[in-house]
Each structure stands twice: as C-alpha cells, then as structure tokens.
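The structure appears below as structure tokens.
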There are 4 protein chains.
Amino acid sequence: MTGPQPKKTRAPRRRNAEASRSSILQAALVEFSTQGYDGARVDNVAARAGVSKPLIYDYFGDKEALYAAALLEAYVQIRGGEKKLNLEGLDPAEAIRKLVTFTLEHFRRNPWFISILNTENLRGGATIREMHGAAGVQSDLVKKIRRILEEGERQGKFRPGVDPVDLYFFIASLCYFPLSNIHTLRSVFQRPLDDAWLDSHAVEAGTMIVRYLEA
Amino acid sequence: MTGPQPKKTRAPRRRNAEASRSSILQAALVEFSTQGYDGARVDNVAARAGVSKPLIYDYFGDKEALYAAALLEAYVQIRGGEKKLNLEGLDPAEAIRKLVTFTLEHFRRNPWFISILNTENLRGGATIREMHGAAGVQSDLVKKIRRILEEGERQGKFRPGVDPVDLYFFIASLCYFPLSNIHTLRSVFQRPLDDAWLDSHAVEAGTMIVRYLEA
Amino acid sequence: MTGPQPKKTRAPRRRNAEASRSSILQAALVEFSTQGYDGARVDNVAARAGVSKPLIYDYFGDKEALYAAALLEAYVQIRGGEKKLNLEGLDPAEAIRKLVTFTLEHFRRNPWFISILNTENLRGGATIREMHGAAGVQSDLVKKIRRILEEGERQGKFRPGVDPVDLYFFIASLCYFPLSNIHTLRSVFQRPLDDAWLDSHAVEAGTMIVRYLEA
Amino acid sequence: MTGPQPKKTRAPRRRNAEASRSSILQAALVEFSTQGYDGARVDNVAARAGVSKPLIYDYFGDKEALYAAALLEAYVQIRGGEKKLNLEGLDPAEAIRKLVTFTLEHFRRNPWFISILNTENLRGGATIREMHGAAGVQSDLVKKIRRILEEGERQGKFRPGVDPVDLYFFIASLCYFPLSNIHTLRSVFQRPLDDAWLDSHAVEAGTMIVRYLEA
DNA sequence: AATGAATGAGGGTTCATTCAT
DNA sequence: TATGAATGAACCCTCATTCAT
C-alpha cells in the first residue's frame, strides 16, 4: 500500500502464553457482551486478540468454556474496580449517596459488564450456575454496605433490620435499569437519557435510598 | 372472503390467515425471548406455530422483520395487561403501592417481556429505533402515574416536582432488576429469590417509592 | 468457456426426494469404500450425488448415520446379487464349485463391498453392531449352502456334520483374501494377481472346498 | 556412534535418540492400525510415545512417511515372529497343520498386523508400492513352505505342482478372514467367534489344506 | 535433541432463505 | 394459501505442520 515490500511483514508470532491468554480473554469479553452468546463469533475474538483461532481452542477448549471464562473475567474486573471505592469515615448518608453514585458510574464505565450479565440471564444462568467460585465474588461490597448500615444504626440515623444484600439489590436496581434498558427506554419514552440525565438520576436514586433507610 | 377475488392483494386472505399470523407471532415472541435474537431459530417458530417456514417468510419477510413484529407484540400484550389496572379513587400512597406490586407481578407473569427487552437492548435497540409507533406505547401508564402524583400533591401528601416518567423508571427499576437478573443474583448472592422473597421485595419497594414521594 | 452465456445454466433442482435419497446413498457407498470412514468427505458425497451438503444432513442426520446407511446398502445390494444365483438341480460338487466361482466373481465385480467391510472392521464394527436387521441379511446364501450339503450327504458324496455357516466362512475366506489384500500381496509377493490368476485361483479354491467335503 | 561426528548427519545422535525413534514407531503402529490412516492422529502418536510432536516430524518427515515406517515395522515384527517357527523334521502333513495353527495364532496375537494391512489395502497400496524392500519380506516363510511341499512330494504323500506362494495365500486366507472380519461376521451371522471357535477353525483349516495337498 | 507456542487449511454441521409446485 | 425440497454461506472446531527457542 505504502510502497513495494519485498516480504509481507507479518506481525511476529507472539511467544507468550500468558499474554495471549489474557488478550483472548479481553477480546472474548468484548465480543460476548456486544453480540450475545449466539451472536458472538470466535473468529472475531481471534481477530481482536490478534491470535489464530486454534489458539483459542487450545487455551479454552470451546466457545462455551471461553464464554464462561469471559463471564468470570467480567466479575473479576468489576470487583477490582469496587475495591478502590473508599467509604471509610464518611457520614452514613453520605456514604450511601457516594456508593450509589459510584455504582452507576461504575456500570456506565464498564458497559460490557451489564451486557454480559444480560446475556447470561438470557441464557437462564446456565453457565454461572456451574461456575466454581461465582459466589462470594461480590462479598467485599456487601461488607462495605453492612458497615455503613451498622454505623448509621449506631448513630441513630438509620433504622435497624435492613439486610445489606437486599439494600445492594435496591441500589443496583436503580443504577442498572436505566443503563441496561437505555435503548428501549429512549425509543419508548423519548428521553435522551444522556450523561446529564444519568447524573441527576444518580442523585435522586441516592435520595431515595437514604430516605428509605432513615429512622 | 370465500369467493374469488381480483388479483393484486398480496396479504393472505383465507379465514385461517389471521389465525396463522397470530400463532406465528406468539411463537416468535416465545422463541426470541427464550433464545435471544441470534439463538432463535425460524424452524422452531414454524414448528411451534404449526405452520411451514415459507409461510413465515410470506407473512413477515425475514427473521429481522419477524423479530420486530414480535417485539412490538410484546409491548402490545404488556400494555393490554396494564390497561386492566384500576387505580381510581385510591389513596395516593395506596395507589403507588398497588402500582408497584402490580408492576412486579406483571413482569413476573410475563417473563418473555423482560427477556425480549433484554434481547433488544443487547442488540443496541437497532430494531425498536426503527419501529414506528414504539413511542407512546406506554403512555397510558404514565398518565395514570401523573394523575396519582397530582392527587397526592393536591392532598398535600406528595411533594411537587416529581416527573411521572422518572418515577416510572424508578418503579420499573426496582421490579425489573431482580427478575431480569434472577439467575446471576441467585448464583452470586445465593439467595433463593423465590416468590416469597419477591412478594416482600415488592412491599419494600412500595415503601421506598412512597417515602421518596412524601412531602 | 465455450462462449458467452447470458445466464449460468444451473442444473435444475431435482424435486424428487426418493431419487435424491438414493443417489446420495450410492455416492456415499462409493466414497466410504474408497476413502474409509475418516477419509470420506461429505462434500465429495454431495458432489457425486449432485446435491447440496445440507440435503444429505436433512435425509441422513450426520456422517455416522450416512455411513451406517451406506453400509446397510452394501449388504442389501450384495444380497440382491446373490439371490440371482441358481444352484438348483446341480450335482452337489458342481454346485459347490459354482458357488465358489460365483462368490469370487461377485466380490470382484462389487469391490466397494469388500472395501466397506474392511472399513467397518477397522472401526471395530461399531456401526454394524448397532444396526437393526444386520443379522439374517445373508440367510438366503446359508440356506442354499445347507441344501447343497444335505443333498451331497443324501447322495453319499459329502460327509455329514459340516456346518453351512462354517463352510460359508471357508468359501468367503478364499475369495475375500486375495481381493481384499490384492495391493499388499502384489507388492510383497510380486505376483500379478490379475484376472487370469484369480480365475484359476477360484478353480483351485473350488477343488479345495470339494475335497474337504468329500466323504 | 559414541564419538563426535562431522556435520551433515541429520539423524539424531543422542543415546536416547534410538529409543525415541523406536517408541514413536511402536506408537505409530498402534495408532495407525487402530484408527486407520485418516483416523490416526499425530498427537496421539506423540502422546503414546511420550515425545513431542516436532520430534516426530524431525525423525520421520510427515504423517505419510511415519505411516510408511509403521507399515514396514509391521512386516518386520511379524517376520520376526515367523522366524521362530520351527517345522524341521516333522511329518509333512503335521508340518502343514502346525503351520496353519501357527499362522492363525500369529495373526490373533498381533492384531495390528491385520489392521494395518487392511488400512494399506483400503488406501490402494499407495504406500507399499513405493516401499523399497517390501518384496521378499516374507521369503523365509515361502522357503519353509517350499521345503515342506518338496518333502511331502518326495514321500509320495503330496501331489506335485503346488506353488508355495499360492499355498501360502490359501493358508493366509483361511486364517485372515475370520479375524479381519470378526466384527461384521459376529453381527451378521451371530456367531461368537471366540477363542474356542477359532481354535477349532484352525484345526479344520489344517484339514482342508492337507486334503487339498494329498496325492 | 527437544519442545511449547502458534497457525493455515479444511471438515462436519447449521441455518436463514428460496424454489417449484 | 401453503409447503416439501433444496441450497449458499457461515460457524465451530480439528489437525497436520511449522516457528522460535
């Protein structure tokens, strides 16, 4: 294209199993979350990862196993982000608000997470049910919530008896839905659902959760 | 209908035509929501509808168009159910609680609705964006909510300034998420998420919404 | 090639399920016996049968089932040939000699029969073991042999106690081996194993069998 | 062998080299005879031989060459067994009977021999035809037979004019067929074809051959 | 001498779609 | 109106073979 070349410069074969593995994994995560399980193409994963198809089969076995690995990777990556969230020493209501904002922001920045969860639920959870170690993958977040609830209760600001997991479900619900369903909502309700809307939605959601918790 | 008709009418005309069409539609709705777009098989639709494949192509054109029709049908059916919801004359808070309970129940009873919405959002809303008449398909519900909010405000029980669409998003979020994500939540958090849990979840969600609205 | 053609004249789609089925079967028989099971290509079967690959899958299911059908067809065809063999009213020794000559000739004329049997035995008989109705496929021949043996015995020419199946094994052995192993024998023993040799071999084999039977 | 050698020797030189080579060869023999040429997997050969795949390519070149080496090895091994057969000083008829029994036993004990011959004949003898030294590989056995025939003739027990190679073909036929075709015969004729049957079959085959030879 | 890493080429199978009646 | 018969185009996966150390 840019001039005659005596030899086609092929990209040099990478000789690094670990690097290959992880680039395949990332490519798979993208492919499965943008295309769904059945829509995903192993060819696309290979191309995106810059490896040949057989290598994928060598490392992961088959499409199903590759998908399972990508799904686990999605959880691992999202958990990694959540670990960076620091809620220590904040006023409980503030901590809750920050948690809500963070959650929505986190989902927004990692859209493949929502997509691959939708994909997995569309599949009836067939894969995650068989996945060793799926449980507990989010325990850190629950611990953080529990601590906030206890602190709020201790300060007499929050009412007792709220289960941290249930509360997490509420928070996640409010952050997940408008992102997960952004396209249908836009069409049906003709709202922009742009960044500004989402920001204010996060604030309102924070308010809602805090009011629900208040003694 | 039963006599010969002058050419040019392309749409099927037999008495059974309408029945065939609607059984195809129902079968497509089931197939697409249980299998996703790429996982859906036109063969399965034909088998479930009890017709031949060419008939489907005759009526709908191609898989994409069939899917679009199924998606619209999903909205039509769900809207039909919502019309039966009567919130007139109730105390505003009660009306809200009833609306929340109804919404969750409605989603629970029509699981293909959530599934096909997830499918469509996974596809980036490509289909619904092109669909004429998608907008306003849920205007009834929004009107009902608006009326409740106004009544609550009039009675001094609800604070003003709450947008009915935004409120619907909140309600839908709380009802949608635990159903949409039931499989992954079960695996990760090891909660049963059974009917009893969902019932109590609906009550709590009602409380949360009402508190959020209270003046 | 031969001139410009306004439209590629495609071979017209045959609209005859039974004809398609049987041409696939014949093509499969040829392919499997010349290439072995693993060497056989469904593509080749399709090309030879003049149909598309999916049609094969439509009719037979998969390669394994196609192979099973071809194997059964091999037996059916060979049995058809054997039915035409008339040994009635001959002198017992003559009948035996004729049977031997016929058997070798029959194998020689239907080389795919030996080849597909070799293929199946190489596979450990996995397919034929599961085949319904494989037994008895050759009962006609055994009956004929039994009758000859009884007649020979009655005439005091043959000794009693010879099992017709065992005798068939001997006859088949002598006819099968030099054809089945023709290539290795030619190379190792450097004999031509041409038609003349085979003809005289058949005569000698007949002699051997008759001597074995004589009282 | 043990000292350094000036370049150009392409064959591996380490002490283990010969061991690797022969374990590959044995593994290949097993793989090719149990799976056929196209069914054989170089991976399996490597695994069974306990070496890496590139080593096989280093030693043998490609799959075809490996197969040729395995085929030759099959003959070499079987010839080695036949050398141990001692027929000296026996009564000619007894020698023949012993030879028949031995042949069947030899085939039975080395089933890969029959299998790889079948494989090669299925392939049309493409490999053995190109193989140098295939001829004469069985000359020892022929010599033994010739000596028996001469002795029998000398004693007036056997008729003259029997070709030792032709006789070998008869003997081999009777021993080869029921083993080579054991699976299809079992299914079609529903005989056990167990060890007892084979033993008595060998005896009967001996009788048949002896009668054929008798003056 | 030996091998872990990697791939081009192709095979079996599926599926949306059309043909011809 | 309705469908049995048929296929082009992919897709998942495998395998003989090579690269680079």
Side-chain angles (χ1 to χ4, degrees), chain A residues 10-21 38-46 50-64 66, chain B residues 9-17 20-21 38-46 51-59 61-64 66, chain C residues 10-21 38-46 50-64 66, chain D residues 11-17 20-21 38-46 51-59 61-64 66:
Chain A
R10 259 186 312 163
R13 295 189 180 190
R14 194 188 324 146
R15 293 274 149 189
N16 184 334
E18 206 41 57
S20 292
R21 228 195 100 90
D38 290 293
R41 299 290 164 250
V42 178
D43 271 288
N44 291 349
V45 176
V51 303
S52 68
K53 250 191 306 182
L55 199 65
I56 295 179
Y57 287 90
D58 211 25
Y59 285 163
F60 293 93
D62 63 5
K63 188 183 180 179
E64 168 73 31
L66 178 61
Chain B
T9 45
R10 198 65 69 71
R13 250 167 299 119
R14 264 202 350 198
R15 261 277 161 268
N16 279 356
S20 290
R21 224 193 107 88
D38 290 291
R41 299 288 165 252
V42 177
D43 272 285
N44 291 350
V45 175
V51 303
S52 69
K53 258 190 299 180
L55 198 64
I56 294 179
Y57 284 88
D58 223 28
Y59 282 162
D62 63 5
K63 187 182 182 181
E64 167 73 32
L66 179 60
Chain C
R10 257 188 311 162
R13 294 188 180 189
R14 195 188 322 147
R15 292 274 149 189
N16 184 334
E18 205 41 55
S20 292
R21 229 195 99 91
D38 290 292
R41 298 289 163 252
V42 178
D43 271 289
N44 291 349
V45 176
V51 302
S52 68
K53 252 192 305 180
L55 199 64
I56 295 178
Y57 286 89
D58 212 24
Y59 285 164
F60 294 93
D62 62 6
K63 187 184 181 180
E64 167 73 29
L66 178 61
Chain D
R13 250 170 297 118
R14 264 207 347 204
R15 261 276 162 266
N16 279 356
S20 290
R21 226 193 106 89
D38 290 292
R41 299 289 166 253
V42 177
D43 271 286
N44 291 351
V45 175
V51 304
S52 70
K53 258 190 302 180
L55 197 64
I56 294 178
Y57 283 88
D58 223 29
Y59 283 162
D62 61 5
K63 187 183 180 181
E64 168 72 32
L66 178 60

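Only a predicted model underlies this, so the values are computations on that prediction, with no experimental measurement involved. Naming: A, B, ... by sequence-line order, numbering from 1 per chain. Computation of the quantities below employed the complete heavy-atom set of this structure, encompassing side-chain atoms and omitting hydrogens, waters and symmetry-equivalent molecules.
- Dashed line: the shortest gap from a side-chain N or O of C:Ser20 to OP1 or OP2 of F:dA6 is under 4.0 Å.
- Applying the side-chain hydrogen bond (donor to acceptor under 3.5 Å, both in side chains) test to C:Asp38 and every residue at least two apart in sequence or in another chain returns nothing.
- Scanning for salt bridge (Lys or Arg N to Asp or Glu O under 4.0 Å) contacts around A:Asp43 gives A:Lys53, with sequence neighbours left out.
- In plain terms, the two heavy atoms of B:Ser52 and B:Ala46 that are nearest each other are C-CB, 4.2 Å.
- Within the 4.0 angstrom heavy-atom criterion, no nucleotide atom of any strand lies near A:Phe60.
- Whole-Å rounding puts the B:Asp58 CG to E:dA20 P distance at 16 Å.
- By the side-chain contact (heavy atoms from CB on, under 4.5 Å) test, A:Lys63 is found to be paired with A:Phe32, A:Tyr37, A:Ala40, A:Arg41, A:Val42, residues two or more places apart in sequence or in another chain being considered.
- For the pair A:Ile56 CD1 and E:dG8 C1', the computed distance is 15 Å after rounding to whole Å.
- Stem analysis of DNA chain F (at least three stacked-register Watson-Crick or G-U pairs, each with both distances under 3.5 Å) gives E:2-21 with F:2-21.
- Between D:Asn44 atom CG and F:dA16 atom C1' there is a gap of 13 Å when expressed in whole angstrom units.
- Within the structure, every side-chain polar atom (N or O) of B:Ser52 is placed at least 4.0 Å from both OP1 and OP2 of F:dG4.
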Each nucleotide in nucleotides 10-17 of chain E should get exactly one letter: B, S or -. Can you fill that in based on protein heavy atoms under 4.0 Å? -SBBBBSB
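- If you measure from atom CZ of D:Arg21 to atom P of E:dA2, you get 13 Å, rounded to the nearest angstrom.
- Look at CG on D:Leu55: it is 15 Å from C1' on F:dT18, rounded to the nearest Å.
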